[in-house]
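Reviewing the structure listed below.
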Amino acid sequence: MREYDATPASTSRGQAALRWVLWIGGAALLAFGVLTALTTVPSTSQRINVLLWLAGGVVVHDAVLVPLALLVGVVVLPRVPPSWRPALRGGLLALAVLGIVAVALVAGAATRANPSVVPQDVGAALALAGIVLVVGVLVGMFLGGARRPR
Amino acid sequence: MGLPRPPTPEAFRSPIHDERVVARVGVWLGIAFVVVFVTGLVSHFLQNPLPWMPLLPEPSWGYRVTQGVHVAAGIACLPLLLAKLYAVYPALFESPPVKSPAHALERASVALLVASSIFQLVTGLFNVFQWYPWAFSFVAVHYATAWVVIGSLVIHVGVKLPIIVRALRTRIVDGEIVDEGSVVPAGTLGVDVVAAAGMDGQLSSVPDGENVVLPVPDADGSAATRRGFLAGVAVTVLGLTALTVGQTVRPLAPLAVLAPRDPRVGPQGLPVNKTAAAAGVSETAVDPAWVLRLEGPGGTRELDRAALLAMDLHEAVLPIACVEGWSATARWEGVRVRDLVAMVGAQETADLAVESLQQGGSYSRSVLQHEYVAHDDTLLALRLDGEDLDVDHGFPARIIAPNRPGVLQTKWVARLSVIDGGAA
Ligand code: HEM
């Protein structure tokens with residue numbers, strides 16, 4: 001089996017030139033960002049905190065979202081009709097996003113500085129969003145089934 | 001018993017792990033990132049103008065739209081990024097992990113792109129909910145990270161360009177991504193089928209191993225699976241947007257159950273960021289002895305609220321547009337700032353320093369550049385929608401000018417002083 005090709009070869013000279021432009025340009029943008037961070041975030045404790053958050057996002061993704069996706073992919077999807085699978089996958093994506101937004105919503109309501117920040121009833125808002133999600137998945141499953149025999 | 005071995009890329013069999021899916025989600029995400037970057041820079045330079053930069057008070061809704069788009073597109077990036085990571089995830093289990101120096105750089109740039117993107121999207125989201133569970137300055141770090149995200153994205157596109165071009169060239173027929181035949185991962189088929197197809201791996205370099213071109217259209221429903229996945233991503237993005245964008249698009253406000261703000265909710269039907277109490281001006285703002293101090297080349301004047309209300313009053317319908325992405329239009333009534341600077345002998349070309357009653361804090365002082373000073377709609381507002389300003393909206397007087405970040409529309413104004421070059 002041919003191995004996964006992470007750094008493919010250019011297919012034309014023009015493309016090769018464009019890639020060099022992208023690499024050099026990207027490296028310049030990146031360097032500007034790092035230099036900006038070094039000058040505007042001067043304290044070591046703040047820098048460490050930034051690095052913790054950078055790593056933390058990846059860790060939460062790998063420790064929470066990936067196992068959830070694997071669980072659904074290995075346990076749930078193979079046991080349902082193929083026509084339902086796209087809707088369930090979409091629902092999984094929406095659930096992950098709703099989970100992240102829910103954290104922000106709950107925390108924002110808990111720490112609100114004045115009543116116009118997160119003014120809504122958070123429980124009701126999340127319940128409503130959950131219902132929208134479930135209805136969306138059911139509609140998707142129905143449409144998937146309807147589309148199949150063509 | 002040994003440790004469980006990590007999976008190989010080939011262990012992920014779903015036809016979603018396909019370069020054509022990855023490239024399409026990548027294009028959406030890339031466009032969103034560029035939009036978010038550019039609108040973010042607009043906000044940055046409105047707040048930190050370079051000396052040679054002209055500031056444009058027109059269109060009055062400019063900042064409202066750019067910052068509204070910034071936050072809406074930023075929120076839409078969340079499902080797009082997760083979908084992209086889902087589709088490429090098998091590639092992270094490549095073995096050997098590093099094959100060459102170039103490959104090591106490639107993987108390092110991807111690691112930086114992933115970490116900085118997740119960081120930017122999540123901290124941005126928490127910030128608009130005014131939740132700051134970190135120990136750094138959000139604005140400084142968000143600004144620097146924006147360049148890191150975009151830089152690593154550009155490098156990444158450079159690395160993957162041949163695959164992107166090839167993947168996007170595949171035609172879409174009847175809503176399905178097709179090419180000569182349907183494409184399925186080799187891992188799901190017997191070797192003889194691959195051999196029989198006789199066209200080895202034109203579409204390889206897909207994270208889950210090799211794809212082969214088969215003459216049979218959509219033999220196992222792979223095309224339908226890919227189409228379904230892209231549809232699911234699109235629906236999720238639209239749904240999330242529908243439930244949040246009402247914080248700036250007023251007609252959709254009733255739907256905005258997941259938004260941090262409702263443009264209709266707050267004192268006088270307008271959201272508030274900093275209240276009088278939080279700014280420590282609850283008493284000084286309502287003190288009847290308040291006067292506005294005007295300083296210019298022609299001397300100093302002091303005007304109380306009655307004197308201001310007796311002046312030529314003007315009305316302006318302008319949005320208050322927050323850096324956090326919410327905005328709401330209101331009818332403001334007050335004195336034109338240029339009439340005030342004229343009283344102390346300054347011209348319209350003068351920049352103006354605005355000071356609040358608020359003591360300390362980064363927004364207790366602002367500069368109103370001459371472009372704004374000269375504009376008809378730039379007011380020292382005294383009234384809002386026909387009533388006296390609420391103290392949380394800046395009573396006794398606040399600045400309101402078109403096309404400007406809300407944080408610069410200083411409230412509880414105590415002093416206006418002409419900076420320089422304003423001698424009449
Ligand atoms: C690829 C992702 C993003 C990029 C490249 C980006 C870029 C930027 C830039 C360059 C600024 C100007 C910073 C300054 O004034 O110095 C900015 C401001 C801002 N962004 Fe983002 N951003 C991203 C994602 C987000 C997201 C997801 C949100 C929220 C949902 C968000 C919310 C904000 C806010 C609230 C500000 C104003 C900060 C302030 O002045 O207080 N951003 N962004």
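Order of the sequence lines fixes the chain letters, A, B, ..., with proteins taken first and strands second; residue numbering starts at 1 for each chain.
- Note on T111(A), V117(A), L38(A): by heavy-atom pairs under 4.5 Å with chain B, the leading option is V117(A).
- For I155(B), the parts sitting under 4.5 Å from any heavy atom of chain A are the backbone and the side chain alike.
- Only the side chain of L112(B) comes within less than 4.5 Å of a heavy atom of chain A; its backbone N, CA, C and O stay farther away.
- The shortest distance between side-chain heavy atoms of L81(B) and I118(B) falls below 4.5 Å.
- Put simply, the side chain of W326(B) does not reach to within 4.5 Å of the side chain of V128(B), judged on heavy atoms.
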| request: Report the C-alpha separation of F119(B) and W53(A) in whole Å, then their side-chain angles, then the decisive distance to 0.1 Å, and conclude whether the ring pair (Phe, Tyr, Trp, His ring centres under 6.0 Å) test is met. | output: CA-CA 7 Å; F119(B) 175 91; W53(A) 274 83; 7.1 Å; no
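- Neither the backbone nor the side chain of S109(B) has a heavy atom closer than 4.5 Å to any heavy atom of chain A.
- Looking at A259(B), the atoms closer than 4.5 Å to chain A (heavy atoms on both sides) all sit in the backbone: N, CA, C or O.
- Heavy atoms of L105(A) lying under 4.5 Å from chain B belong to its backbone as well as its side chain.
- A donor-acceptor pair is defined here as one N or O able to donate and one able to accept, closer than 3.5 Å; no such pair exists between the side chain of R261(B) and the backbone of P271(B).
- Side-chain contact between F37(B) and V149(B): absent, with no pair of heavy atoms (C-beta onward) separated by less than 4.5 Å.
- When side chains are defined from C-beta on, L125(B) counts as touching I100(A), because their heavy atoms get closer than 4.5 Å.
- Between the side chains of D392(B) and Q268(B), no donor-acceptor pair of N or O atoms lies under 3.5 Å.
- Only the side chain of L243(B) comes within less than 4.5 Å of a heavy atom in chain A; its backbone stays farther off.
- Contact annotation: the side chain of V72(A) never approaches that of R89(A) to less than 4.5 Å [non-hydrogen atoms, C-beta and beyond].
- Within the 4.5 angstrom heavy-atom criterion, no atom of A278(B) approaches chain A.
- In this structure, the ring of F136(B) has its center less than 6.0 angstrom from the ring center of W134(B).
- Comparing A102(B), P162(B), P79(B) by how many heavy-atom pairs each has under 4.5 Å with chain A, the most go to P162(B).
- Listed options N114(A), L65(A), V41(A) were ranked by heavy-atom pairs under 4.5 angstrom with chain B; first place goes to N114(A).
- Considering only heavy-atom pairs separated by less than 4.5 Å from chain B, the leading option among A109(A), G90(A), G33(A) is G33(A).
- Using a 4.5 Å cut-off between heavy atoms, L98(A) touches chain B through its side chain atoms alone.
- Ranking L18(A), V66(A), V137(A) against chain B, the residue ahead of the rest is V66(A), based on heavy-atom pairs under 4.5 Å.
- Checking side-chain atoms of Q120(B) against main-chain N and O of H142(B) turns up a donor-acceptor pair under 3.5 Å.
- Checked by atom type and distance alone, the side chain of H17(B) pairs as donor or acceptor with a backbone atom of A87(B) at under 3.5 Å.
- Both the backbone and the side chain of P133(B) have a heavy atom closer than 4.5 Å to some heavy atom of chain A.
- For R85(A), no part lies under 4.5 angstrom from a heavy atom of chain B.
- V235(B) does not touch chain A: none of its heavy atoms, backbone or side chain, sits under 4.5 Å away.
- The side-chain hydrogen bond (donor to acceptor under 3.5 Å, both in side chains) pairs that include a residue from residues 57-74 of chain A are D62(A)-Y89(B), where partners are two or more places apart or lie in different chains.
- With a 4.5 Å cut-off on non-hydrogen atoms, A234(B) does not touch chain A at all.
- Contact annotation for L153(B): neither backbone nor side-chain heavy atoms come within less than 4.5 Å of a heavy atom of chain A.
- Using a 4.5 Å cut-off between heavy atoms, Y86(B) contacts chain A through its side chain alone, with no backbone atom that close.
- Remark: E19(B) does not engage K160(B) in a salt bridge, criterion side-chain N to carboxylate O under 4.0 Å.
- Proximity to chain B (any heavy atom under 4.5 Å) is shown, for V101(A), by both the backbone and the side chain.
- Neither the backbone nor the side chain of L52(A) comes within contact range of chain B, judged by heavy atoms closer than 4.5 Å.
- Remark: R264(B) engages D262(B) in a salt bridge (charged side-chain N to carboxylate O under 4.0 Å, His left out) (not counting sequence neighbours).
- Per-residue counts of heavy-atom pairs under 4.5 Å with chain B were compared for P119(A), A94(A), G57(A), A27(A); the largest is that of P119(A).
- Most heavy-atom pairs under 4.5 Å with chain B: of the set L54(A), T40(A), V118(A), V58(A), this distinction falls to L54(A).
- Heavy atoms of L258(B) lying under 4.5 Å from chain A belong to its backbone as well as its side chain.
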